[in-house]
Number of protein chains: 2
Amino acid sequence: MKNPIESYISYTLAAAHRAVHQSLTAALKEHGVQVEVWRVLETLDAEPSQTMGELARIVLMNPPTLTKMVDRMVMDGLVHRQAGKSDQRQVNLMLTDLGRKRMAQIRDVVQSQDEAIYNLLGESEVAKLNDILGRLM
Amino acid sequence: MKNPIESYISYTLAAAHRAVHQSLTAALKEHGVQVEVWRVLETLDAEPSQTMGELARIVLMNPPTLTKMVDRMVMDGLVHRQAGKSDQRQVNLMLTDLGRKRMAQIRDVVQSQDEAIYNLLGESEVAKLNDILGRLM
DNA sequence: TGAAATTATTTTCCAAGTCAACTATTTTCT
DNA sequence: AGAAAATAGTTGACTTGGAAAATAATTTCA
């Protein structure tokens, strides 16, 4: 531990996050998809018709940032907006056919990078990591 | 685990990182200092005269981003640049008196948030976390 | 009821980040 | 030596992110 900031938990966490994020970014880049875009696709694929607010919370983005990213996703034909049924202020998002197709194309990419981490750490360490990280929130 | 992306390690890591980063950002905001600025101050305080490239690696930033942040830090009077002695292409950075003073002011802020995590997790869990995160890089 | 407060999302304006190209210096290699 | 390649850092054009204000719809409650 030659450098002092390496002893801070926030730093170690940031460093590990950066490494994993960059590796995932590189893998998804070949498919022209951003990590955050993948998160939205994955979330909507599992549970369609999420509102912007709920989605922002899940995909770890601030609402204004999500709005802009969704603008781009709409332009790319991956999702479309629909005014909320019971509450007109809300906006529900749903995948288009292309969105579902794109999701199917990249799922393997993400899963195989996740498996790589699994193999690197081993099952019990992954469980431990999840447990500890969960307590930080 | 209601949402599927919560089962991805990269996601859990991103979520924990976001939580910790936001909390540190909020604590430092009162002193008008960005997390990345703190990292530079802390690094230079421990080992003065780092080059831009080495510093970028340590503080987890891309070189162009660091250049621009250092521009601001120079304007704020926290650091100053000096052409490399043996290699004229290199730029060495050093803290100004104000930079050292600012560092002294915020060290407690960062350390107390780190201690909060320590207390939350306990010593052995922190060690385990550091160990696991270290293997991700 | 209906004015005031609250909530969901977007917009605006500005600050910060990225990629690729560029400058300057040093190294390599014939 | 000296031309070509490599390296350190910065710049410029463009994109993205963020805080606060704005808009629109819903709730609250006197």
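Proteins come first, then strands; the chains are lettered A, B, ... in the order of their sequence lines, and each starts at number 1. From a predicted model like this one, the values you see are computed outputs, not experimental measurements.
Salt bridge K128(A)/E125(A): absent, no basic N to carboxylate O contact under 4.0 Å. Salt-bridge formation is not detected for the pair R102(A)/D76(A): no Lys NZ or Arg NE/NH1/NH2 atom is positioned less than 4.0 Å from an Asp or Glu carboxylate oxygen. One finds a salt bridge joining R135(A) and D131(A) here, because a Lys/Arg side-chain nitrogen approaches an Asp/Glu carboxylate oxygen to under 4.0 Å. Salt-bridge formation is not detected for the pair D71(B)/K68(B): no Lys NZ or Arg NE/NH1/NH2 atom is positioned less than 4.0 Å from an Asp or Glu carboxylate oxygen. Ion pairing of R39(B) with E42(B) is absent here, as no side-chain N (NZ or NE/NH1/NH2) approaches a carboxylate O to less than 4.0 Å.
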### Query
Reading nucleotides 13-23 of chain C from the 5' end, what letters show protein touch, with B for base, S for backbone sugar-phosphate only, - for no heavy atom under 4.0 Å?
---SSBBB---
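Residue L66(A) contributes atom CG, which lies 12 Å from atom C1' of dA8(C) at whole-angstrom precision. Note: CG (N92(B)) to C1' (dG9(D)) measures 12 Å, nearest angstrom. Counting to the nearest Å, the C1' atom of dG18(D) and the NE2 atom of H21(B) are 12 Å from each other. Across the protein-nucleic acid pair, E54(B) atom CD and dA8(D) atom C1' stand 13 Å apart, rounded to whole Å. Taking atom CD of residue Q50(A) and atom P of nucleotide dA8(C), one finds them 14 Å apart after rounding to whole Å.
Closest approach of S49(B) and L44(B) over heavy atoms only: N-CD2, 4.2 Å. Contact record, H31(B) with Q105(B): CE1-O, 4.3 Å, taken as the closest heavy-atom pair.
Checking the phosphate oxygens (OP1, OP2) of dG9(D), no side-chain nitrogen or oxygen of R81(B) falls inside 4.0 Å.
Axis angle across the helix from dT1(C)-dA30(D) to dT30(C)-dA1(D), with five pairs used at each end and values rounded to 10°: 20°.
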Report all interatomic pairs (protein N or O, nucleotide N or O of nucleotides 24-28 of chain C) with separations under 3.5 Å.
from    : atom 1 : to     : atom 2 : distance (Å)
dT25(C) : O2     : R89(B) : NH1    : 3.2
dT26(C) : OP1    : Q88(B) : N      : 2.9

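Taking the six-membered ring for Trp, Y8(B) and W38(A) have ring centres closer than 6.0 Å.
Grouping the Ile, Leu, Val, Met, Phe, Trp and Tyr side chains by contacts below 4.5 angstrom, directly or via other members, places M137(A) apart from L60(A).
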### Query
Given the rule in the side-chain hydrogen bond (donor to acceptor under 3.5 Å, both in side chains) test, do Q113(A) and S23(A) qualify, once you have shown the distances and angles that lead to the verdict?
CA-CA 8 Å; Q113(A) 111 121 26; S23(A) 138; 2.6 Å; yes
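In this structure a side-chain-to-backbone donor-acceptor pair under 3.5 Å is missing from T51(B) to N92(B).
The residue among Q90(A) and D71(A) whose nearest nucleotide of DNA chain C lies closer to the 5′ end is Q90(A).
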